[in-house]
Peer 1: 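Supplied in structure tokens, the structure appears directly below.
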Amino acid sequence: MSPKISAEASSARSIYRILTKEYPDARCELDFNSPLELLIATVLSAQCTDKRVNAVTPVLFKRFPTLEMLSEAKSSEIEKIIYSTGFFRSKAKNIKELANKILKDYGGEVPKTLVELVTLPGVGRKTANVVLGNAFEIPGLTVDTHFGRLSRRFGWSKEIDPVKVENDVAKLIPEKEWTLLSHKLIWHGRRICHSRKPECGICPLAKLCPSAGIGLI
DNA sequence: ATCCCGAGGG
DNA sequence: CCCTCTGGAT
């Protein structure tokens, strides 16, 4: 019996190979010096460019260098520092309460499991997987808007629910590639496979992509 | 106008 | 499922 792989898995391997060639440097673009810094940077990155997050995090971490200081900080002071990242009231509240919960419930250490990470305020599954993959080297698929859109365009998933997309893609790509695959999909989504007007004409995946020229999924 | 590597609440 | 939270870049 020769081992057979599905058409989707075969496509996924080919696409991953090309993305690796196109984006050899794809990586997390948030600046951080510890798991806690990455966690907070990722919370701040919602609906905000990484560049802007990187402009405020050094100020935030210099003013509040420890979990204790963050948890006792005045929300208004955090808000002023992170203002330009948007959603500043909820993000400030989340950061303060997240610091408090890590102290109370996790012994002052950022937890290393998805189940624990998502108990923190402001931390959803996507943020948790960013931390696991980039601070702890634990493979995770970070299904954001780009990841979901590209997965559907490639025919890897028909789902909208990010958890279902994650499960579909997990079957197609070896676990050890998950973190890098996430970055490469996101880079490609930002550069070429845009939401509104994907540039299929210059896309190196056009020949493999069932949505090429059709666009708009 | 529309998008930026979302999360939480109803 | 929908809505809301938000400023900045283009």
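Order of the sequence lines sets the chain letters (A, B, ...), proteins ahead of strands, with each chain counted from 1.
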Peer 1: Atom NZ of K80(A) and atom C1' of dT6(C): how far apart are they, to the nearest Å?
Peer 2: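 Taking atom C1' of dT6(C) as the reference, NZ of K80(A) is at 18 Å.
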Peer 1: In whole Å, I'd like the distance from the CZ atom of R190(A) to the C1' atom of dA9(C).
Peer 2: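 Going from R190(A) (CZ) to dA9(C) (C1'), I get 13 Å.
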Peer 1: Determine whether the side chains of E177(A) and Y16(A) contain a donor N or O and an acceptor N or O closer than 3.5 Å.
Peer 2: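 A pair is found: one side chain offers a donor N or O, the other an acceptor, under 3.5 Å apart.
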Peer 1: Which parts of residues 49-59 of chain A get close to DNA chain B, meaning a heavy atom less than 4.0 angstrom away?
Peer 2: D50(A)
Peer 1: Could you give the NE2-to-C1' distance, from H146(A) to dG6(B), as a whole number of Å?
Peer 2: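 Rounded to the whole Å, the gap is 12 Å.
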Peer 1: If you measure from the P atom in dC5(B) to the same atom in dT10(C), how many Å do you get, rounded?
Peer 2: 12 Å
Peer 1: Between P on dA7(B) and CG on D161(A), what's the gap in Å once rounded to a whole number?
Peer 2: 13 Å
Peer 1: Just by distance, with hydrogens left out, do S84(A) and R52(A) show a side-chain donor and acceptor under 3.5 Å apart?
Peer 2: yes
Peer 1: What is the distance, rounded to the nearest whole Å, between atom CG of L30(A) and atom P of dC4(B)?
Peer 2: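 So the CG-P distance, L30(A) to dC4(B), works out to 15 Å.
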Peer 1: Does OP1 or OP2 of dC3(B) have a side-chain N or O of R196(A) closer than 4.0 Å?
Peer 2: yes
Peer 1: I'd like to know if the side chain of D168(A) pairs up with that of S157(A) as donor and acceptor (distance under 3.5 Å, no hydrogens or angles considered).
Peer 2: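 There is such a pair between these side chains.
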Peer 1: With a non-hydrogen cut-off below 4.0 angstrom, is P162(A) in contact with a base, only sugar-phosphate, or nothing?
Peer 2: nothing
Peer 1: Would you indicate what S182(A) reaches in the nucleic acid, counting non-hydrogen atoms under 4.0 angstrom: base, sugar-phosphate, or nothing?
Peer 2: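 Nothing, no nucleic acid heavy atom in range.
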Peer 1: Which of residues 83-105 of chain A have a heavy atom under 4.0 Å from DNA chain B?
Peer 2: F87(A)
Peer 1: With sugar-phosphate meaning primed atoms plus P, OP1 and OP2, does H194(A) contact a base, only sugar-phosphate, or nothing at under 4.0 Å between heavy atoms?
Peer 2: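 H194(A): no heavy atom of the nucleic acid under 4.0 Å.
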Peer 1: Would you call the rings of H188(A) and Y23(A) parallel, tilted or perpendicular, taking 30° and 60° as the class edges?
Peer 2: tilted
Peer 1: Without decimals, in angstroms, what is the distance between Q47(A) CD and dT2(B) P?
Peer 2: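 Taking atom P of dT2(B) as the reference, CD of Q47(A) is at 15 Å.
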Peer 1: Checking contacts here: which listed nucleotide (dG6(B), dT2(B), dC5(B)) is nearest the side-chain heavy atoms of T145(A)?
Peer 2: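 Among dG6(B), dT2(B), dC5(B), the one nearest the side chain of T145(A) is dG6(B).
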Peer 1: So F32(A) and L39(A), do their side chains get closer than 4.5 Å, heavy atoms only?
Peer 2: no
Peer 1: For the P atoms, the ones on dT6(C) and on dG10(B), what distance do you get once it is rounded to whole angstrom?
Peer 2: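 The answer is 15 Å between these two P atoms.
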Peer 1: Which one, dC5(B), dT2(B), dC4(B), comes nearest to the side chain of K126(A)?
Peer 2: dC5(B)
Peer 1: Go through the steps to decide whether E29(A) and R190(A) satisfy the test salt bridge (Lys or Arg N to Asp or Glu O under 4.0 Å), and finish with yes or no.
Peer 2: CA-CA 13 Å; E29(A) 294 182 274; R190(A) 291 209 298 224; 2.3 Å; yes
Peer 1: Output, in order, the C-alpha distance, side-chain angles, deciding distance and verdict of salt bridge (Lys or Arg N to Asp or Glu O under 4.0 Å) for E97(A) and K93(A).
Peer 2: CA-CA 6 Å; E97(A) 292 177 2; K93(A) 186 165 180 278; 3.7 Å; yes
Peer 1: So which atom in W178(A) and which in I173(A) form the shortest heavy-atom distance, rounded to 0.1 Å?
Peer 2: NE1-O, 2.8 Å
Peer 1: Would you mind reading off the distance between I186(A) atom CD1 and dC4(B) atom P, rounded to a whole angstrom?
Peer 2: 11 Å
Peer 1: Quick check: on DNA chain B, is the nucleotide nearest D144(A) upstream (toward 5') of the one nearest V123(A), or the reverse? Name the residue that is more 5'.
Peer 2: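 Going by which nucleotide is closer to the 5' end, it is D144(A).
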Peer 1: Can you measure L44(A) atom CG to dA7(B) atom C1' for me and round it to whole angstrom units?
Peer 2: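 Going from CG in L44(A) over to C1' in dA7(B) covers 13 Å.
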Peer 1: What nucleic acid atoms does I82(A) come within less than 4.0 Å of, heavy atoms only: base, sugar-phosphate, or nothing?
Peer 2: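 The residue I82(A) makes no contact with any strand.
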Peer 1: Tell me if a side-chain donor or acceptor on R191(A) pairs with a main-chain N or O of W187(A) at a distance below 3.5 Å.
Peer 2: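 Judged by distance alone, yes, a pair lies under 3.5 Å.
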Peer 1: Among side-chain atoms of E116(A) and T113(A), is any donor-acceptor pair under 3.5 angstrom?
Peer 2: yes
